[in-house]
Every structure is written in structure tokens, then in C-alpha cells.
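Each ligand, and each atom within it, is numbered from 1 in the order the structure gives. Below, each value reflects all heavy atoms present in this structure, side chains not excepted, and no hydrogens, waters or symmetry copies. Sequence positions, counted from 1, serve as the residue numbers for this chain.
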Amino acid sequence: MTYARITGSGSYLPEKILTNRELEGLLDTTEDWIYTRSGIRERHIAAENEFTCDLAEKAARAALERAGRTPAEVDLVVVATTTPDQVFPSTACLLQNRLGIQGCPAFDVQAVCAGFIYALDVVYRYIRTGGSKCALVVGAETFSRILNWEDRSTCVLFGDGAGAMIVEEATQPGILSSHLHADGSFKDLLCVPIGVSTAHQEMLAGKAYTEMQGKEVFRWAVTALGDAVIEVLEANGVDRGEIDWLVPHQANIRIIQAIARRLDLSMDNVVVTIDRHGNTSAASVPLAFDEAVRDGRIKPGQKIIFEAFGGGFTWGSMLIQT
Ligand code: ACO
């Protein structure tokens with residue numbers, strides 16, 4: 001039986017940091033409101049001439065180095081992003097070209113904040129069925145580009161960044177299971193309501209901004225993610241006490257705390273980056289994973305749950321053995 005294992009991770013955050021204090025000067029908001037409601041103190045913002053593929057490339061090269069692989073060994077490139085550089089080619093094709101490789105499949109996955117879980121699920125299934133031996137999977141966003149910087153209810157919550165993993169075929173697990181969900185009937189609660197096909201004039205005028213009914217999204221995220229983490233435990237016959245780490249999507253510290261409670265997990269066993277990263281959408285799970293691998297919290301032989309929730313709604317959970 002072929003398993004899929006994460007053999008390396010990498011991440012990248014743009015240099016510029018935007019603090020809550022700085023936002024106080026730009027909007028009718030306070031450091032205290034943002035921190036107490038969301039857990040965010042600061043976020044990284046891409047430079048004007050820095051695009052999603054730039055962030056993705058830096059994270060990808062770091063993951064390759066960590067896995068001890070060269071770009072030439074990669075046989076599948078999947079990028080999760082809501083903020084591609086171009087309508088087409090996909091950011092995955094742009095990234096493949098930057099890495100100097102040709103021929104292998106390369107495509108984007110769009111599931112907003114659940115995008116990385118979706119992309120990793122695709123890679124997991126490719127490897128399990130023999131379609132790939134060494135895959136590069138990236139979550140990369142310049143979410144700051146689809147925020148209305150005059151809307152205090154959304155713009156304070158997000159940031160830019162990228163995280164990447166190399167996933168390889170192996171004789172030992174690996175990714176133990178993956179559980180994805182979506183419900184498009186909630187399309188209006190969290191969205192950028194226009195796109196190329198519906199309103200290209202507004203798009204060109206830069207009016208494609210994120211809209212969110214925060215309270216409803218919060219309630220749904222807590223319920224759906226709580227059920228998703230129980231689903232992944234039950235599917236694997238694993239007890240709550242066996243989980244070493246929760247690596248959650250970083251949308252709101254109160255959502256993260258609620259999911260930790262569903263798992264009876266101390267917050268000491270939860271990787272939290274939201275205070276410094278904000279919500280980086282598809283980049284948030286691989287960014288958090290990479291941070292905890294690099295600082296030595298995540299070690300070989302541990303059981304880890306990934307979970308994420310995003311616009312669509314889309315959500316999912318995975319159980320990983322490191
Ligand atoms: N500063 C000060 N006041 C603010 C701000 C701000 N930045 N933003 C909103 N307010 C005000 C509101 O106007 C409201 O005022 P009112 O009561 O006079 O109308 C008040 O603060 C309370 O707002 P609420 O919406 O009730 O605040 P809540 O406690 O729900 O927190 C938040 C808001 C942080 C957005 C929360 O609802 C949340 O995190 N929601 C879920 C986000 C999420 O999980 N998204 C999914 C992933 S994202 C993706 O897929 C793209």
C-alpha cells in the first residue's frame with residue numbers, strides 16, 4: 001500500500017508588518033477591539049510589486065530544501081489560492097515555470113480559507129493512487145488585494161503569506177485520512193460578490209472586495225469545524241487523548257479555542273499564529289505547520305489534526321502522522 005507523507009515544509013511572510021495600532025490611525029477601530037474579538041495583533045502585507053506567485057516561490061523553495069528535493073524531482077504542483085497573479089495561466093503553472101520544471105501537471109485549487117486542505121486532499125489522493133511520487137502543494141495569498149480598506153469589519157482580519165509542503169509516496173503513513181465538505185447555499189455570507197464573468201468593469205476598477213456576515217460565519221465555523229474534527233477522529237478510531245497537535249485555520253482565536261474544547265485539547269497543544277499573521281486564508285495552515293516544525297514543537301511520530309473553514313462554505317479536516 002502506498003502512503004502519502006509530508007517530507008518537508010516551508011513558508012514565507014512579506015516583510016511589511018501592519019499593526020493594530022497603525023490601523024487605529026486609518027480606521028474607526030482600536031487595538032483592543034481587534035485583539036479581543038479576533039486574537040490578531042498584526043499581519044504581514046505584500047509590497048506593491050510583490051504578488052502571490054512571489055510568495056509561493058519562496059515558500060516552495062524552502063519546502064524543497066527541507067525535504068532534500070530538487071525542483072526536477074517534483075511531478076505534481078498544486079497551488080491553493082483565492083488571489084492568483086493572473087486569471088490564467090494558473091499560479092501553479094507560473095510557479096512551475098519559476099522553478100524551472102516542465103511537463104508535470106500543475107493546477108490551482110480554489111476553496112478560499114479551506115483551500116490548502118482541499119489542495120492537500122487532492123495531492124494525498126494522487127499519491128495514494130499512483131499518480132504522483134513527489135508533489136509540491138502550496139497555499140499562497142495576497143488577500144490584502146481583495147479587501148476594502150475602508151470596511152473595518154473585514155480588513156482588520158486578514159493578512160498575506162504563503163506556506164508549502166512536499167508530499168511523497170511512502171511505505172508508512174503519512175496522511176491518515178481527509179474529510180472535505182462544502183455547502184454553496186451559504187455563498188452570500190462570505191464572498192467577493194463579483195468576478196471576471198459577472199462584472200469585469202468593476203473588477204478592473206478594483207472593486208472586487210471581501211464581504212462577510214461575521215456573526216453568522218463565526219457560528220457556522222464553530223459548528224462545522226467541531227463536527228469535522230470529531231469526524232476525523234471517528235474515521236480513524238483515534239481518541240482525543242492521542243492527538244499531539246491541532247494545526248487549525250487561523251481565522252479567529254475564539255473559533256480556535258472552541259475547536260480545542262471539542263477535542264479536550266489544551267491550548268498548549270494548538271499551534272496559534274493568528275496574533276502575528278492574521279487570517280492568511282489558504283496559507284494559514286501550512287504557515288502554522290511550518291512554524292511549529294521549525295521551532296521543534298512538531299516532531300516525528302506525532303498525530304496532528306489540520307482543519308479549515310472558508311467561503312462557499314467550504315471546510316474539512318485531516319489526520320496526519322508525522
Ligand atoms: N473595530 C471596531 N468596531 C468594529 C470593527 C472594528 N474593526 N468591526 C466591526 N465593529 C463593530 C460592528 O460594527 C458592531 O457594532 P454595532 O454593534 O454597533 O453594530 C460591533 O463591532 C460588533 O460586531 P460583531 O460583528 O458583533 O463582532 P463579533 O464579536 O461577531 O466579531 C468577527 C466579529 C471578528 C468578524 C467575528 O464575527 C468572526 O471572526 N467571524 C468569523 C470569521 C471567519 O471565520 N471567517 C471564515 C474564514 S475567512 C474566508 O474564508 C475568506
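Note: Phe313 and Phe186 have parallel aromatic rings, judged against thresholds of 30 and 60 degrees for the angle between ring planes. Classification of the Phe289-Phe306 ring pair by plane angle, with boundaries at 30° and 60°, yields perpendicular.
Between Glu50 and Lys16 there is no salt bridge, since no side-chain N of the basic residue sits under 4.0 Å from a carboxylate O of the acidic one. Classification of Glu73 and Lys133 as a salt-bridged pair fails, no side-chain N sitting under 4.0 Å from a carboxylate O. With salt bridges taken as basic N to acidic carboxylate O contacts below 4.0 Å, none links Lys58 and Asp54.
Taking a heavy-atom cut-off of under 4.0 Å, ligand 1 is surrounded by Asp28, Thr29, Trp33, Arg37, Val112, Cys113, Phe143, Arg152, Ser153, Val156, Leu157, Phe158, Leu190, Met212, Gly214, Lys215, Val217, Phe218, His249, Ala251, Asn252, Arg254, Ile255, Asn279, Phe309, Gly310, Gly311.
Hydrophobic cluster of Leu99: the remaining members, joined at side-chain heavy-atom separations below 4.5 Å, are Leu64, Val74, Val77, Val79, Leu95, Ile101, Leu136, Val138, Ile166, listed by chain and number.
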